[in-house]
Amino acid sequence: MIKQICYILFLCSFYSIESQNWDSISKGKFSFQLERVLFDSVHNELIVSSKFLRNVNTKYVRGICRWNGLRWDSLKGGINTHDQLNVNPNGVAYDCIPYNGKLLVGGMFQSMGGVNATSLALWDGTTWDSLPKRAFRFTDDPTQVDGFLKKGNLLYIIGSFDTIAGQPAKGLATWDGTNFNAVPLPIGPGFNNISSIIEYQNEIYIAGDGFLVGANNNARDVFKFNGTSWVSTTGNGVLGGYSGVADLEVYNNELYACGHFTKTDGNAGDHIMKWNGTVWKDAGFKDQPSFVSIIKMLVYHNKLWVFGGFNEVAGSFTSNVAVYDGVNWCGLKDTLDNKITSATVYNDTIYIGGGFWKVNSDSMKFIAKLKNPTFFNSCVNVSIHELSNNNQVSIYPNPANSALNITDEQNELQNSTIEITNSIGQMILSALFNNSIDVSSLSGGCYFLHITTSDKRILHSKFIKE
């Protein structure tokens with residue numbers, strides 16, 4: 001009987017707490033939608049950017065400003081200060097990365113703080129500068145840098161550009177500290193832009209929105225560099241005439257891709273798929289009747305958080321935010337009145353930016369921070385048959401009454417942490433690893449054991465408490 005009840009709970013469960021997950025930090029100071037929320041790890045500040053951002057209250061910031069946890073400030077003049085004709089900066093900072101003790105900022109702009117630094121600029125906390133060699137000309141328009149990846153002595157640069165330092169390019173290049181070099185790609189004539197780059201299993205992966213593979217005009221793809229050449233991860237690419245990949249993230253030793261794509265078009269999943277190094281699989285997010293846009297993913301507190309514009313996850317209501325623990329998809333309780341365009345983690349807190357004005361009935365114009373990451377509206381188990389031998393841990397006895405024992409014959413789990421959640425994703429127990437866990441106080445029912453290892457792998461198992 002317990003197993004039958006658990007199976008029903010696995011399929012659909014609901015949980016509600018009369019509280020709110022988000023806090024405002026803007027106090028109505030922003031007048032326009034924020035396009036990017038970034039973490040400046042060099043100076044430990046939050047950076048926000050928008051092509052329509054002019055002021056934070058009475059402070060002139062022009063397209064970019066920073067938050068140190070207490071107050072907002074400008075970044076010395078801001079974006080495109082050379083252009084005195086346009087009231088709006090008409091430029092955006094899309095990403096940043098530490099570089100030689102400074103912050104390297106990439107985006108779509110021609111100057112920063114009055115310095116000629118097209119789409120790439122260095123910020124030392126006080127002044128702006130350009131790299132010692134120019135990647136793009138001042139007259140290149142539009143040129144857009146979307147992201148970075150540091151691997152060894154090379155800095156990879158992605159975006160929407162067809163030349164770099166005078167070389168033909170397809171949105172991917174490297175910088176070795178002295179020279180820029182375009183990276184040849186097996187991309188067809190319909191190239192638009194590369195939107196994400198990440199390292200997974202010691203290989204570099206890229207994905208984008210609008211570039212074509214071979215003669216198939218409906219195929220976008222996720223490519224990987226295997227040390228010798230760039231190869232496709234699928235035979236046909238991400239299928240669909242309007243499909244595209246917005247972001248890549250590694251979670252639980254699998255690579256996740258999100259964006260706008262559906263199983264109806266022939267893809268493995270709806271809007272989110274996961275790759276284990278060999279094959280793409282459905283992540284269980286599920287299609288919805290309205291247009292869905294998943295823009296950003298983050299790994300936070302051992303869970304995968306996804307953001308964008310959507311109102312369902314795995315068939316249950318949520319509002320532009322969903323959380324996945326490898327077993328359950330959970331929606332947050334709150335209702336945002338518009339989509340989320342960006343998210344980052346700053347001081348161990350998630351910050352979101354976008355076009356929203358309100359969260360529930362509270363004013364939170366365009367930016368908010370996470371107050372409580374556990375107030376889920378509903379959780380749905382989508383992985384009853386998904387726990388593979390690669391990420392399972394052996395436990396006994398099952399069902400358990402007083403103690404649940406974990407098999408660790410090679411002592412590989414000694415520096416791990418343990419979490420136990422119930423069938424709707426609520427945290428029941430969190431502790432350092434122990435081979436035997438006291439479960440005598442748990443109510444009868446079904447539970448999930450999650451072990452986070454020292455190398456950040458997440459192992460799972462299911463058990464029943466009698």
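Here, residue 1 is the first one in the sequence, and each next residue gets the next number.
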With rounding to the nearest 0.5 angstrom, report the [atom1] to [atom2] distance, [X] to [Y].
| X | Y | atom1 | atom2 | result |
| --- | --- | --- | --- | --- |
| Ser443 | Ile428 | OG | CD1 | 8.5 Å |
| Ser430 | Asn302 | OG | CG | 8.5 Å |
| Lys303 | Thr421 | NZ | OG1 | 7.0 Å |
| Asp146 | Ser119 | CG | OG | 10.0 Å |
| Leu429 | Ile420 | CG | CD1 | 5.0 Å |
| Ile97 | Ser41 | CD1 | OG | 8.5 Å |

According to the interplanar angle, ranging from 0 to 90°, do the rings of [X] and [Y] count as parallel (below 30°), tilted (30 to 60°) or perpendicular (above 60°)?
| X | Y | value |
| --- | --- | --- |
| Phe463 | Tyr447 | parallel |
| Phe225 | Trp230 | tilted |
| Phe285 | Trp329 | perpendicular |

Next on the checklist: Is it the case that over 12 heavy atoms from other parts of the model lie below 6.0 angstrom from the CG atom of Asn415?
Outcome noted: no
Compare all side-chain heavy atoms of [X] with those of [Y] and state whether any distance is below 4.5 angstrom.
| X | Y | answer |
| --- | --- | --- |
| Asp40 | Trp123 | yes |
| Thr452 | Glu419 | no |
| Ile25 | Trp72 | yes |
| Lys371 | Asn21 | no |
| Trp280 | Thr233 | yes |
| Ile352 | Asn320 | no |
| Val183 | Thr174 | yes |
| Ile340 | Ile295 | no |

For [Y], is there any backbone N or O sitting under 3.5 Å from a side-chain donor or acceptor partner on [X]?
| X | Y | result |
| --- | --- | --- |
| Lys465 | Leu442 | yes |
| Tyr251 | Asp325 | yes |
| Asp408 | Leu413 | yes |
| Arg54 | Asn88 | no |
| Asn276 | Val279 | yes |
| Asp334 | Ser319 | no |
| His271 | His260 | no |
| Asn360 | Asp362 | no |
| Thr341 | Gly355 | no |
| Ser160 | Gln144 | no |

Next on the checklist: Test side-chain hydrogen bond (donor to acceptor under 3.5 Å, both in side chains) on Trp275 and Tyr200; report intermediate values, then the result.
Outcome noted: CA-CA 10 Å; Trp275 167 262; Tyr200 172 63; 5.6 Å; no
Next on the checklist: side chain to side chain contact (heavy atoms under 4.5 Å, CB included), that's the test. Do Tyr300 and Asp348 meet it? Break it down for me.
Outcome noted: CA-CA 8 Å; Tyr300 176 71; Asp348 197 37; 3.8 Å; yes
Taking all atoms of both residues into account, what is the closest heavy-atom pair of [X] and [Y], and its distance?
| X | Y | result |
| --- | --- | --- |
| Gly106 | Leu120 | CA-CD2, 4.3 Å |
| Ala207 | Val245 | CB-CG1, 3.5 Å |
| Trp22 | Ile350 | CZ3-O, 4.2 Å |
| Cys96 | Phe39 | SG-O, 3.4 Å |
| Phe310 | Val306 | CZ-O, 3.9 Å |
| Pro89 | Ile79 | CB-O, 3.7 Å |

Next on the checklist: Do the side chains of Lys51 and Glu35 get close enough for a salt bridge, i.e. N-O under 4.0 angstrom?
Outcome noted: yes
Next on the checklist: Would you say the rings of Phe366 and Trp357 are close, in the sense that their centroids are separated by under 6.0 Å?
Outcome noted: yes
Next on the checklist: side chain to side chain contact (heavy atoms under 4.5 Å, CB included) for Asn347 and Asn44? Distances and angles first, verdict last.
Outcome noted: CA-CA 8 Å; Asn347 286 346; Asn44 193 34; 3.3 Å; yes
Item to check | Listed once per pair and sorted, the salt bridge (charged side-chain N to carboxylate O under 4.0 Å, His left out) pairs that draw on residues 64-73, sequence neighbours left out | outcome: Glu45-Arg66, Lys59-Asp73, Arg66-Asp73, Arg71-Asp73
Next on the checklist: Test: salt bridge (charged side-chain N to carboxylate O under 4.0 Å, His left out). Region: residues 199-208. Which pairs qualify, not counting sequence neighbours?
Outcome noted: Lys151-Glu199, Glu203-Lys224
Item to check | Val145 vs Tyr94, side chain to side chain contact (heavy atoms under 4.5 Å, CB included): CA-CA, chis, key distance, verdict | outcome: CA-CA 7 Å; Val145 171; Tyr94 284 118; over 6 Å; no
Item to check | side chain to side chain contact (heavy atoms under 4.5 Å, CB included) between Leu332 and Trp305, worked out | outcome: CA-CA 11 Å; Leu332 266 66; Trp305 292 63; 4.1 Å; yes
